[in-house]
There are 2 protein chains.
Amino acid sequence: MTQVRPMRADARRNYERLLKVAAEAFAEHGEGASLDDIAKRAGVGSGTLYRHFPTRQALLEAAYVDRVEGFARRADELAEELPPGEALAEWLYELCVGTIQVRGLKTLLGSAVADASDAVLTVCGTHVRGAATRLVEAARAEGTLRADVEPIELLRLAHGVVGAAELADGGGESIRRYLSLLTEGLRA
Amino acid sequence: MTQVRPMRADARRNYERLLKVAAEAFAEHGEGASLDDIAKRAGVGSGTLYRHFPTRQALLEAAYVDRVEGFARRADELAEELPPGEALAEWLYELCVGTIQVRGLKTLLGSAVADASDAVLTVCGTHVRGAATRLVEAARAEGTLRADVEPIELLRLAHGVVGAAELADGGGESIRRYLSLLTEGLRA
DNA sequence: ACCTGAACACCGTTCAAGT
DNA sequence: ACCTGAACACCGTTCAAGT
């Protein structure tokens with residue numbers, strides 16, 4: 001799971017600088033940010049970047065894992081403050097807003113809830129799925145959420161809501177609107 | 001609107017070959033298909049591609065405008081065959097399935113329903129928005145659709161459903177499931 | 001009027017050489 | 001053990017030269 005041998009001092013320094021610069025670059029340019037640029041701005045050779053993070057996905061995940069953990073913690077906060085149904089609704093709203101505001105996070109959360117029959121479940125996937133499951137179970141027990149809706153379905157639909165909101169202005173009001181339509185349904 | 005002067009014979013031939021090859025390439029590799037490759041496969045210089053289609057978006061739209069018109073015609077067929085509510089539901093289903101099956105179409109339809117305060121409305125946008133409006137008005141009049149839902153909102157949500165279904169297996173069953181959740185709502 | 005394709009800029013990825 | 005940066009492959013875009 002974790003490093004057996006500690007990193008050499010220079011390696012550790014490079015690793016951390018890369019993470020910091022990568023988070024900024026992804027936030028600024030989205031998930032397609034230039035890797036070469038990230039390496040340059042971190043003051044390391046491009047090979048060093050690839051040594052630490054073999055794929056773009058690996059770097060993206062490492063750069064944003066803190067934020068995703070933040071969402072998971074926030075779920076438990078909300079569960080203590082609000083009735084289950086409201087806690088779930090508010091959490092989904094905050095998750096969508098965060099996803100749309102921090103560029104690069106959308107792809108990461110998308111792959112975290114993608115059908116991963118082949119790939120191993122990512123760290124981010126574990127966090128976000130766990131949080132959703134806790135909120136969903138409470139809301140189901142309370143009787144405010146359809147019993148047949150799975151946590152993963154809710155996360156995928158939330159990802160879809162973000163996509164829909166992006167086609168509008170991408171602001172919080174669009175997200176509220178589309179989440180509300182999803183919750184209430186489209187029937188007259 | 002249309003060409004005033006007809007194209008020179010060789011220009012017209014190149015134009016048509018580019019469209020044909022582009023449709024194949026986008027279907028195969030998605031919207032990111034190599035433009036250089038398209039030019040080569042069509043047997044023209046890369047400059048010729050840019051002359052006819054200044055942006056990737058322009059080529060994408062030209063290559064798929066037929067299909068989008070097909071969706072618009074299909075809306076009117078369904079409106080004749082089924083009650084308004086069912087016609088709308090079936091059309092959205094077919095639209096989503098088509099969007100997911102033909103790679104490259106998703107981006108095109110996305111930008112067709114994007115908030116276009118700055119850009120001019122595209123041809124595809126006009127078609128698809130018109131079709132949705134006709135179906136929505138009928139369903140509203142029938143009383144099976146919430147009166148406050150705009151056609152453009154429905155199209156954006158459908159785009160979101162496609163995104164959600166892609167995170168699952170991307171098959172027709174996922175689309176049916178997510179469209180159903182959207183229609184019925186999430187409440188117990 | 002239209003086409004060609006070389007030229008340029010940019011990016012991802014690998015790997016030989018270095019410490 | 002780790003780093004560097006040149007080298008290679010690939011792609012988008014422009015534009016001078018050609019018909």
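To find a chain, count down the sequence lines: A is the first, B the second, and so on, and within it residues start at 1.
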- Do any of residues 33-49 of chain B sit with a heavy atom less than 4.0 Å from DNA chain C, and if so which? G43(B), V44(B), G45(B), S46(B), G47(B), T48(B)
- Backbone N or O of F71(B) within a donor-acceptor pair of the E94(B) side chain at under 3.5 Å? no
- Of R8(B) and T55(B), the one whose nearest nucleotide on DNA chain D sits closer to the 5' end is T55(B)
- With sequence neighbours excluded, what pairs up with E31(B) under the salt bridge (Lys or Arg N to Asp or Glu O under 4.0 Å) test? none
- Flag if over 12 foreign heavy atoms under 6.0 Å of CZ, R67(B): no
- Task: Mind running a 4.0 Å heavy-atom check of residues 11-28 of chain A against DNA chain D and sending the residues that fall below it, in number order?
- Result: A11(A), N14(A)
- Using side-chain hydrogen bond (donor to acceptor under 3.5 Å, both in side chains) as the criterion, list what pairs up with E142(A), not counting sequence neighbours. T144(A)
- Message: Any side-chain to backbone donor/acceptor pair from E137(B) onto R134(B)? Under 3.5 Å, distance only.
- Response: no
- Query: Just checking, any donor-acceptor pair under 3.5 angstrom between side chains of T48(B) and N14(B)?
  - Reply: no
- Query: First and last nucleotide of DNA chain C touching chain A, 5' to 3', heavy-atom cut-off 4.0 Å?
  - Reply: dC11(C) to dC15(C)
- Query: Aromatic rings Y64(B) and F26(B): how do their planes relate, parallel, tilted or perpendicular, breaks at 30° and 60°?
  - Reply: tilted
- Message: Regarding R156(A) and E166(B), does a basic nitrogen lie under 4.0 Å from an acidic carboxylate oxygen?
- Response: no
- What are the two closest non-hydrogen atoms of V161(B) and I175(B), and how far apart are they? CG1-O, 4.3 Å
- Base-pair string, DNA chain D, Watson-Crick plus G-U, cut-off 3.5 Å on both distances, | for inter-strand, is ||.|||||...|||||.||
- When you check the gap from the basic side-chain N to the acidic O, do R140(B) and D148(B) get nearer than 4.0 Å? no
- Does the side chain of R146(B) reach to within under 4.5 Å of the side chain of R187(A), using non-hydrogen atoms? no
- Message: Quick check with a 6.0 Å cut-off and a 45 degree axis cone: is R176(B) positioned over the face of Y93(B)'s six-membered ring?
- Response: yes
